[in-house]
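The structure appears right after this line, and notes come after that.
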Amino acid sequence: MGNEQFEAARKAEAGYHSNFYQNNELFASGTWMSRPMPMVMDMLERLLTHKKELRVLDLGCGVGRHAIPIAQRLAKTNSEVIGVDLLDEAVDGLRKYAKEYQVDHIVQAVKADVEHYAVQANYFDYIAACSCLEHVSNKQTFIEALERLQAGTRIGGIHCITMSTNVEETEINTGREIEPLIELNLPTVEAIALLEDAYKGWNILLQEHVTQTIEEEKYDEPTQFRCELLRFAVQKQ
């Protein structure tokens with residue numbers, strides 16, 4: 001993807017999410033924010049069977065779809081939940097909901113680009129990167145981001161990754177296929193191969209992909225967003 005295309009994709013994604021966060025409350029029924037992804041909470045419980053205090057990093061956190069439920073689960077412990085997002089609306093929203101749900105004592109909201117976010121070495125027990133790594137600029141920065149996350153994870157720590165792959169978009173009213181404005185649109189097979197290669201030596205806990213369809217208001221015309229949602233969870237040995 002050329003720089004101009006990348007900037008257009010980044011702008012479209014930012015516009016869509018900013019608008020969405022402004023018009024929808026966290027956990028609003030009927031939206032993709034209505035509840036956390038079950039795998040994110042399942043992997044958290046897996047960690048909590050042998051460790052009570054966790055350092056958690058939620059990359060591309062939005063307004064707290066995962067950071068808030070994770071923080072609620074850890075609220076009575078001396079844990080730390082850091083949410084990172086590029087959008088002001090997301091960071092401000094996370095701070096607002098952390099107060100509202102009374103978990104602001106352990107939630108920290110950070111404005112940063114996932115592509116350049118510096119992860120402290122050997123620091124985190126749990127890293128969730130849900131629907132954010134497909135928004136880096138190319139395959140090389142994707143691999144480098146994974147390397148930083150791995151270096152920032154303690155032994156026994158878990159990474160929980162979801163990615164939209166094989167993305168296609170269609171105008172709902174006309175049925176016309178349009179070029180998807182997504183920064184890194186990898187074929188599912190290639191994304192799996194890159195993840196498996198990057199996480200050699202880690203224990204794969206979950207690897208699956210499911211077809212997902214969402215109606216979006218991202219362009220001038222409403223569109224249907226179709227993808228293979230890749231779910232990948234691994235533990236550092």
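Because the structure is a prediction, the values reported are computed rather than measured.
Here the side chain of Tyr117 pairs no donor or acceptor atom with the backbone of Val84 at under 3.5 angstrom. Within the 3.5 Å criterion, the main-chain N or O of Ser137 finds a donor-acceptor partner in the side chain of Glu115. Side-chain N or O atoms of Gln150 include one that pairs as donor or acceptor with a backbone N or O of Ala198 at under 3.5 Å.
Classified by interplanar angle (parallel below 30°, tilted 30° to 60°, perpendicular above 60°), the ring pair His17/His135 is perpendicular.
Under a 4.0 Å N-O distance rule, the pair Lys96/Glu25 qualifies as a salt bridge.
Here the side chains of Val40 and Thr162 are not in contact, with every heavy-atom distance at 4.5 Å or above. Taking 4.5 Å as the limit, every side-chain heavy atom of Glu168 sits out of range of all side-chain heavy atoms of Asn166. By the 4.5 Å heavy-atom criterion applied to side chains, Leu47 and Met43 are not counted as neighbours.
Evaluation of the salt bridge (charged side-chain N to carboxylate O under 4.0 Å, His left out) rule for Lys139 yields Glu190 as partners, not counting sequence neighbours. Among residues two or more places apart in sequence or in another chain, the salt bridge (charged side-chain N to carboxylate O under 4.0 Å, His left out) test is passed with Glu147 by none. With sequence neighbours excluded, no residue satisfies salt bridge (charged side-chain N to carboxylate O under 4.0 Å, His left out) with Arg35. Qualifying salt bridge (charged side-chain N to carboxylate O under 4.0 Å, His left out) partners for Arg73, counting only residues two or more places apart in sequence or in other chains: Glu45. Taking Tyr101 as the reference, Phe27 meet the ring-ring contact (aromatic ring centres under 6.0 Å, His included) condition, with sequence neighbours excluded. By the ring-ring contact (aromatic ring centres under 6.0 Å, His included) test, His159 pairs with Tyr199, Trp202, sequence neighbours left out.
Contact record, Ala75 with Val103: CB-CG1, 4.2 Å, taken as the closest heavy-atom pair.
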- Task: Applying side-chain contact (heavy atoms from CB on, under 4.5 Å), run through Asp88 and Val91 and close with a yes or a no.
- Result: CA-CA 5 Å; Asp88 288 323; Val91 173; 5.7 Å; no
- Task: Go through the steps for Glu228 and Thr211 under the test side chain to side chain donor-acceptor pair (under 3.5 Å), then give the verdict.
- Result: CA-CA 5 Å; Glu228 292 288 318; Thr211 303; 2.8 Å; yes
- Task: Kindly indicate, with the supporting measurements, whether the criterion side-chain contact (heavy atoms from CB on, under 4.5 Å) is fulfilled by His209 and Ile192.
- Result: CA-CA 10 Å; His209 52 93; Ile192 290 169; 3.8 Å; yes
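Residue Leu59 is grouped with residue Ile143 when hydrophobic side chains (ILVMFWY) are merged at heavy-atom distances under 4.5 angstrom, including chains of intermediate members. Leu230 is connected to Leu186 through a chain of hydrophobic side-chain contacts under 4.5 Å among Ile, Leu, Val, Met, Phe, Trp and Tyr, so both are in one cluster.
None of Lys236, Arg46, Lys52, Arg154 except one satisfies the salt bridge (charged side-chain N to carboxylate O under 4.0 Å, His left out) rule with Asp125; the exception is Arg154.
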